[in-house]
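Here is how names work: the chains are called A, B, and so on, in the same order as the sequence lines, proteins then strands, and each is numbered from 1.
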Amino acid sequence: MNATPSFLPPNKWAKLLPREFYERPAYEVAPELIGCVLRREIGGQVLRAIICETEAYQGQDDQACHARGGPTPRCQVMFEEAGHAYIYFTYGMHWMLNVVCEEKGTPAAVLIRAIYPLDGLEKMQELRPRLAGTESWLGGPAKLTEALGLDRSMNGADLCDPESGLRVETGIYVPSEIIQITPRIGIKYAPEPWQSMHWRWVVAYPQMADLIGQARIRENMPVSKETLPLTGLP
DNA sequence: TACATGATTTGCT
DNA sequence: GCAAATCATGTAA
């Protein structure tokens with residue numbers, strides 16, 4: 001990957017996505033999150049990245065969803081207010097980042113599977129030195145949580161709080177033609193039709209790089225006519 | 001309390 | 001292309 005691009009416009013243009021954005025089914029939120037900016041503040045540093053890949057997990061009917069059996073200590077957050085982070089541990093070593101959707105009581109979340117770095121590359125490489133610099137070093141749900149320093153301690157974090165160390169901002173416009181829609185990854189245990197539901201949205205890295213170079217700012221998010229201004233930006 | 005397994009990554013063949 | 005790594009979680013007992 002090339003050096004940190006200064007392609008995106010100044011941070012002061014970014015808007016925090018409001019809670020209403022998340023208060024709908026995950027399969028509606030997931031494609032809308034493509035192109036949005038994930039913003040992390042850790043150790044006094046700001047890390048930013050564009051969301052490239054998402055998956056939707058929707059409701060107790062969805063047999064691939066952690067919440068299919070009702071609330072448990074792990075997935076409790078999915079039943080709570082939308083706009084919070086659901087971060088869980090799996091395979092004995094990996095943390096996964098999700099964004100909680102839907103009204104309280106209806107479990108739903110969007111798994112963030114890949115991001116493209118904008119700012120704070122140095123810090124990300126420090127947090128995740130193994131493959132830093134290679135093309136896909138943030139292309140994978142466990143890779144990005146490591147690079148952003150996300151773990152249990154950020155589970156339940158409010159992504160809509162301007163003071164939060166993890167939040168989501170408006171980003172770039174991504175034409176729907178370049179978004180691939182496929183079945184979800186790693187859920188072969190799930191019965192049909194859930195295993196084959198096309199609830200995964202992907203933009204390939206090279207195409208995302210091109211888009212970021214063009215920096216077409218996405219002015220209007222579908223649900224959020226009113227967005228909250230960001231504060232305290234460097 | 002015990003046990004099977006996973007929204008994965010990596011390295012080796 | 002395949003299998004090991006590694007442990008919290010959930011389900012069963």
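Checking the phosphate oxygens (OP1, OP2) of B/dA4, no side-chain nitrogen or oxygen of A/Tyr189 falls inside 4.0 Å. Of the side-chain N and O atoms in A/Arg128, none sit less than 4.0 angstrom from OP1 or OP2 of B/dT9. Between A/Lys188 and the phosphate of B/dA7, there is no side-chain N or O to OP1/OP2 separation shorter than 4.0 Å.
Across A/Cys160 and A/Leu16, no two heavy atoms sit closer than the pair O-CD2, 3.3 Å. Contact record, A/Gly156 with A/His84: O-ND1, 2.9 Å, taken as the closest heavy-atom pair. Heavy atoms only, all atoms of each residue included: A/Met96 and A/Asn98 are closest at O-ND2, 3.7 Å. Annotation for A/Phe79 and A/Gly70: closest pair CZ-C, 3.5 Å, computed over non-hydrogen atoms. A/Ala26 and A/Tyr57 get closest at one heavy-atom pair: CB-O, 3.7 Å. The two atoms that bring A/Leu144 and A/Ala114 nearest to each other are CD2-N, 3.6 Å, heavy atoms only.
Contact annotation for A/Ala64: base contact, defined as any heavy-atom pair under 4.0 Å involving a base atom. Residue A/Arg113 is classed as a sugar-phosphate contact, given heavy-atom separations below 4.0 Å to backbone atoms only. Residue A/Ile185 is classed as a sugar-phosphate contact, given heavy-atom separations below 4.0 Å to backbone atoms only.
Taking atom OH of residue A/Tyr88 and atom P of nucleotide B/dT5, one finds them 18 Å apart after rounding to whole Å. As rounded to whole Å, 11 Å separates atom P of B/dT10 from atom CG of A/Leu138. The interatomic distance linking A/Ile87 (CD1) with C/dC7 (C1') rounds to 18 Å, in whole Å. If you take CD1 of A/Ile51 and P of B/dA7, they are 21 Å apart, rounded to a whole angstrom. When the P atom of B/dG6 is taken as reference, atom CG of A/Leu111 falls 16 Å away, rounded to whole Å. Rounded to an integer number of Å, the gap from CD of A/Glu55 to C1' of B/dT8 is 12 Å. The distance between atom CE of A/Met78 and atom P of B/dA7, rounded to the nearest whole Å, is 11 Å. In this entry the distance linking CG of A/Asn98 with P of B/dA7 reads 11 Å, nearest Å.
Side-chain contact between A/Ile50 and A/Val174 is absent, with no heavy-atom pair separated by less than 4.5 Å. Considering only heavy atoms from C-beta on, A/Glu146 stays 4.5 Å or farther from A/Asp151 through its side chain. At a threshold of 4.5 Å between non-hydrogen side-chain atoms, the residues A/Leu17 and A/Leu33 count as touching.
Only the P atoms considered, B/dA2 is 22 Å distant from C/dT6, to the nearest whole Å. Going from the C1' atom of C/dA3 to that of B/dT5 covers 16 Å, rounded to whole Å.
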Nucleotide N/O of nucleotides 9-13 of chain C paired with protein N/O under 3.5 Å:
from, atom 1, to, atom 2, distance (Å)
C/dG10, OP1, A/Thr72, OG1, 2.0

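Ring geometry for A/Trp194 versus A/Trp199: interplanar angle of 30 to 60°, hence tilted.
Each of A/Ile187 and A/Glu146 lies near DNA chain B, and the nucleotide nearest A/Ile187 is the one positioned closer to the 5' end.
With a glycosidic angle no more than 90° from 0, B/dA7 adopts the syn conformation.
In DNA chain B, runs of at least 3 consecutive Watson-Crick or G-U pairs, each pair with both distances below 3.5 Å, span B:1-6 with C:7-12, B:8-12 with C:1-5.
A donor-acceptor contact under 3.5 Å is not formed by the side chain of A/Tyr91 with the base of C/dA5.
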